[in-house]
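For reference, the structure discussed in these notes is given below.
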Number of protein chains: 2
Amino acid sequence: MVIDINLSTPLRVGRQEAPSIPQPSLARLPQYHHYLVDLAAKGITQTTCSVIGRDLGLIPVQVRKDLQHTGIIGRPKTGYSVAELIQAIETFLGWNNINEAFLVGAGNLGTALLGHERFSKFGLRIVAAFDRDPAKEGQWIHEKAVLPLEELADLAQRMSIHLGIITTPPEAAQAVADEMVKGGIQAIWNFAPVKLKVPEHIIVHNEDLYSTLATLSWKLARRFRVSLKEKEAV
Amino acid sequence: MVIDINLSTPLRVGRQEAPSIPQPSLARLPQYHHYLVDLAAKGITQTTCSVIGRDLGLIPVQVRKDLQHTGIIGRPKTGYSVAELIQAIETFLGWNNINEAFLVGAGNLGTALLGHERFSKFGLRIVAAFDRDPAKEGQWIHEKAVLPLEELADLAQRMSIHLGIITTPPEAAQAVADEMVKGGIQAIWNFAPVKLKVPEHIIVHNEDLYSTLATLSWKLARRFRVSLKEKEAV
DNA sequence: GTAGACTCGATCCATGGTTATCGATATAAA
DNA sequence: TTTATATCGATAACCATGGATCGAGTCTAC
Ligand SMILES: NC(=O)c1ccc[n+]([C@@H]2O[C@H](COP(=O)([O-])OP(=O)(O)OC[C@H]3O[C@@H](n4cnc5c(N)ncnc54)[C@H](O)[C@@H]3O)[C@@H](O)[C@H]2O)c1
Ligand SMILES: NC(=O)c1ccc[n+]([C@@H]2O[C@H](COP(=O)([O-])OP(=O)(O)OC[C@H]3O[C@@H](n4cnc5c(N)ncnc54)[C@H](O)[C@@H]3O)[C@@H](O)[C@H]2O)c1
């Protein structure tokens, strides 16, 4: 049997292109953002890493490091300007320029995402949905048209859509992804629990709810195992 | 001004209780599971880390390590039995024992989760929903009753519910969490983008969709910055 | 105006998850 | 039966992230 030499190559996602910010830090930035917007709404204009850290369950040093990636500069003793921080995070994340997106799979989850207006505050506007189900084609869900999948590639190209969201059943996800790639879509937000095969330059992020579920159920199961053992020990 | 000494203490989540498996490995297990179930459906009974790794974009060593945590043992040259692997993962994650759960916030997202029957294959059964909206109380969504929030604590206790899911707006999340804790709920799956304050022994997992969104939009923004620069260079 | 204290920013160290390596073993082919 | 080889399991090196430390600056209080 001939074994593909690629089997053992460390094929990370793409070739990383110098992340310049740790992935965990990037993931924490939205949390700071939410928190800071809250502060601003309360009329607070100034804050420090210590305070942020206390409220978010992080140590000050980490907060400071995370925020430094956005290019913000603080002042000793005073901390940071809340408004500037919010601005810095939004600019850094690209939330000032709206990304228009197509969503495929107007089912349970797809409908929920389509109805989430708040996304527009975070640089995301879902402009249309696609579905294979003839009963759904032509309908409007949360003010968004549901179109047949065949039109996706062409429309994406004409409208310069760069982001695609997949909320179809797992069996359909790969075919949908292929269609998106054909339409020139650059990044895919995938809610189906499958590994998508796409060209290297496509950015893919999986939102695997089952992963979280696994963590939760494992921890719960372990807890009950432990407390069971404690009972036995008594 | 007196500053709380706790500000700079490294307060991790709870006291970790010896994880015994790296969090990332734990999060990958469901992906193996999905993949293996697919294999089994195709009639494949035997597989190796190299093959799994190739299909899932991981290197064989990592696959092997991840799977070892489940206690499975493989055979040189042959690999693992697919059926045994599936069984091992399910047992390890506690997916054989169903966790019953309450969901609070029967809105867009909550409805989607309530309608996801497939969760029951992964050890999760949402048995009831709660909402503050009088228009929703008494309704049935996807065959689940929507009850007033006031009944949650009492019912959770009487039914021995250990898992709570929060899909309310962020402003309401903390109050809901408090209610859950009062009802003796052990673990919370939180979809609202806020940091919940709960007693130390409560397991909390945030499903922060905005984190993923941040990563995506940052990568997209960077890509366009880069390609812009390249153009300028020409 | 000056002393003191608090916070930022930068550098250094520790921890832990990922990757590479090596011996042992079982299968398949000769 | 023997030999070749692919895979497992374990160990060790590596690297990224998280946490600690220290100097410098600025605000506050006396
Ligand atoms: N709903 C949830 O709570 C939830 C939770 C975890 C994961 N997921 C995942 O999200 C995905 C969607 O879940 P859901 O509950 O919304 O499913 P769903 O069945 O409600 O919706 C799927 C939609 O996709 C459409 N579809 C099917 N094949 C298609 C194709 N080839 N092209 C275009 N559209 C197609 C269907 O018509 C349907 O409208 C699934 O992969 C599921 O595993 C959902
Ligand atoms: N829908 C999405 O796609 C999406 C995406 C990302 C994050 N989220 C987050 O998920 C959460 C829910 O989003 P959604 O779109 O479903 O919102 P939604 O407004 O559609 O639903 C919220 C539901 O919670 C109920 N509610 C409000 N206050 C309550 C309380 N105190 N007790 C009980 N129920 C209460 C409301 O009546 C409503 O039914 C939000 O925190 C949101 O930020 C949603």
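These figures come from a predicted structure and were not determined experimentally. Keep in mind that the numbers below use all heavy atoms, side chains included, and drop hydrogens, waters and symmetry copies.
- Comparing D:dG9, C:dA26, D:dT17 against the side chain of B:Tyr80 picks out D:dG9 as the nearest.
- Centroid-to-centroid, the aromatic rings of A:Phe224 and B:His162 come within less than 6.0 Å.
- Note that the CD1 atom of B:Ile73 and the OG atom of B:Ser81 stand 11.5 Å from one another [nearest 0.5 Å].
- Taking every side-chain heavy atom of A:Arg64 into account, C:dG9 is the closest of D:dA12, D:dC8, C:dG9.
- In this structure, of D:dA20, C:dC8, C:dG17, it is D:dA20 that holds the atom nearest to the side chain of A:Ile59.
- Between B:His69 and B:Phe92, the ring center distance fails the sub-6.0 Å criterion.
- Nearest-nucleotide mapping onto DNA chain C: of A:Thr78 and A:Lys65, the residue sitting toward the 5' end is A:Thr78.
- Among the nucleotides C:dT7, C:dG9, D:dA6, the one closest to the side chain of A:Gln68 is C:dG9.
- Ranking D:dA20, D:dG25, D:dC8 by closeness to the B:Thr48 side chain, first place goes to D:dC8.
- Taking the six-membered ring for Trp, A:His116 and A:Phe122 have ring centres at least 6.0 Å apart.
- Taking only side-chain atoms of A:Ser25, from C-beta outward, the nucleotide of C:dC8, D:dG18, D:dT5 with the closest atom is D:dG18.
- For B:Arg28 and C:dT18, the shortest distance from a side-chain N or O to OP1 or OP2 is below 4.0 Å.
- Checking B:Arg75 against A:Val61, the closest nucleotide of DNA chain D that is more toward the 5' end is the one next to B:Arg75.
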